[in-house]
Amino acid sequence: MPELPEVESVRRQLAPLVEGRTVRAVARDPYPSRRLGDVARAVGGRIGPIVRRGKFLLAPLDGAPPHPSELVLHLGMTGILRVLPADDPSGRPGGPDPHVRVRLELDDGTALVLRDARRFGRVDVVAPGDRSGLPTLAALGPEPLEDAFDPEAFAAALARRGAPVKARLLDQRLVAGVGNIYADEALWRARIHPAARRVGRERALRLHAAVREVLAAAVAREGTTFRDYRLVNGASGRYLTELDAYGRAGLPCRRCGATLRGSTVAQRGTVHCPACQRA
DNA sequence: TTGCTTACCTGACGGC
DNA sequence: TGCCGTCAGGTAAGCA
């Protein structure tokens, strides 16, 4: 499940392969999906610097009208971006790989290909800065690994009673880029119960630090591959063995030895330690 | 405005 | 072996 570390790792591999290249042709899966926008508008666009916001990848497209425009990519749950030789049939919608959704053919003989088994990924070409059809991106909170992620503002938000703290981490407005895996990991590190509806200043500051630590460590290992996620070069993320909570229900807590408990919080599978993450 | 639920979507897996 | 039900989860929309 691509979250901030996975998307950032993809961005780092993707950027040198496609920045400066011009889109010569576009093909897409004919399946009617509202998650695939008017991708044909990318034709003629020269891809500028790719940036990441939360779990979104954004790249300016320069050129003659309809450009300048902006390419918006979201990997959803199972999205994988690859850069393949343009004549590789496995990178064509309708080709031997039934999960290829979008293909941008570039001017250097390669193609940027989105493969997405569950169709939760998103690709669109919008006017620069236009977020009218992208409410989550429009309301995205601060980047957790940048100074804009202010610990006091974070603590003030969590001090107000509201939805379970895990739901607020997943919401993207409080902090950008956290998904189910790293929410569980950060809460475990900060010793906070995922269903807590109010978090005091001291614990909130601990959680702020934990979010940063977990995400930075996962970025350093190029993310977590549970099943689907792959880097642009096809490699797996290496953070899986570092996980302390996610996917470890029924196993002993690495901190206190108690048995980790699985539950549902915010409609998501959740793992926490009943001994050191007390309600 | 906030919180919650449901829909979307399909591969993997367990049970029969 | 094949069928069926369940689970996984990020985003968006709808409702209370």
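Below, chains carry the letters A, B, ... as their sequence lines are ordered, and counting in each starts from 1. Note that this is a predicted model, so its numbers are computed, not measured.
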Distance test, side-chain N/O of A:His74 to OP1/OP2 of C:dT11, below 4.0 Å: yes
Check ion pair A:Arg101-A:Asp29 (N to O, under 4.0 angstrom): yes
Stepwise side chain to side chain contact (heavy atoms under 4.5 Å, CB included) test for A:Leu187 and A:His272: CA-CA 8 Å; A:Leu187 288 163; A:His272 78 283; over 6 Å; no
Position toward the 5' end of DNA chain B (nearest nucleotide), A:Gly162 or A:Arg268: A:Gly162
N or O in side chain of A:Arg197 less than 4.0 angstrom from B:dC4 OP1/OP2: yes
Heavy-atom check, side chain of A:Tyr229 versus side chain of A:Ser9, under 4.5 Å: yes
Check ion pair A:Arg12-A:Glu8 (N to O, under 4.0 angstrom): yes
Salt bridge present between A:Glu105 and A:Arg24 (N-O < 4.0 angstrom): no
Lys/Arg N to Asp/Glu carboxylate O, A:Lys55 vs A:Glu3, below 4.0 Å: no
A:His99 side-chain N/O to B:dC9 phosphate OP1/OP2 under 4.0 Å: no
Nucleotide C:dG10, atom C1' - distance to CG of A:Leu134 in whole Å: 14 Å
A:Tyr31 OH - B:dC9 P separation (whole Å): 4 Å
Five-pair end axes of the helix from B:dT2-C:dA16 to B:dC16-C:dG2 and the angle they enclose, rounded to 10°: 40°
Pairwise 5' ranking along DNA chain B for A:Ala266 and A:Arg173, keeping only the more 5' one: A:Arg173
Nucleic acid contacts - residues 112-132 of chain A versus DNA chain B, non-hydrogen atoms under 4.0 Å: A:Ala117, A:Arg118, A:Arg119, A:Phe120
Integer-rounded Å distance: B:dT10 C1' and A:Ile80 CD1: 14 Å
Sugar-phosphate only, base, or nothing, as touched by A:Gln267 at under 4.0 Å among non-hydrogen atoms: base
Sugar-phosphate only, base, or nothing, as touched by A:Pro164 at under 4.0 Å among non-hydrogen atoms: sugar-phosphate
Under 4.0 angstrom between A:Tyr182 side-chain N/O and C:dG9 OP1 or OP2: no
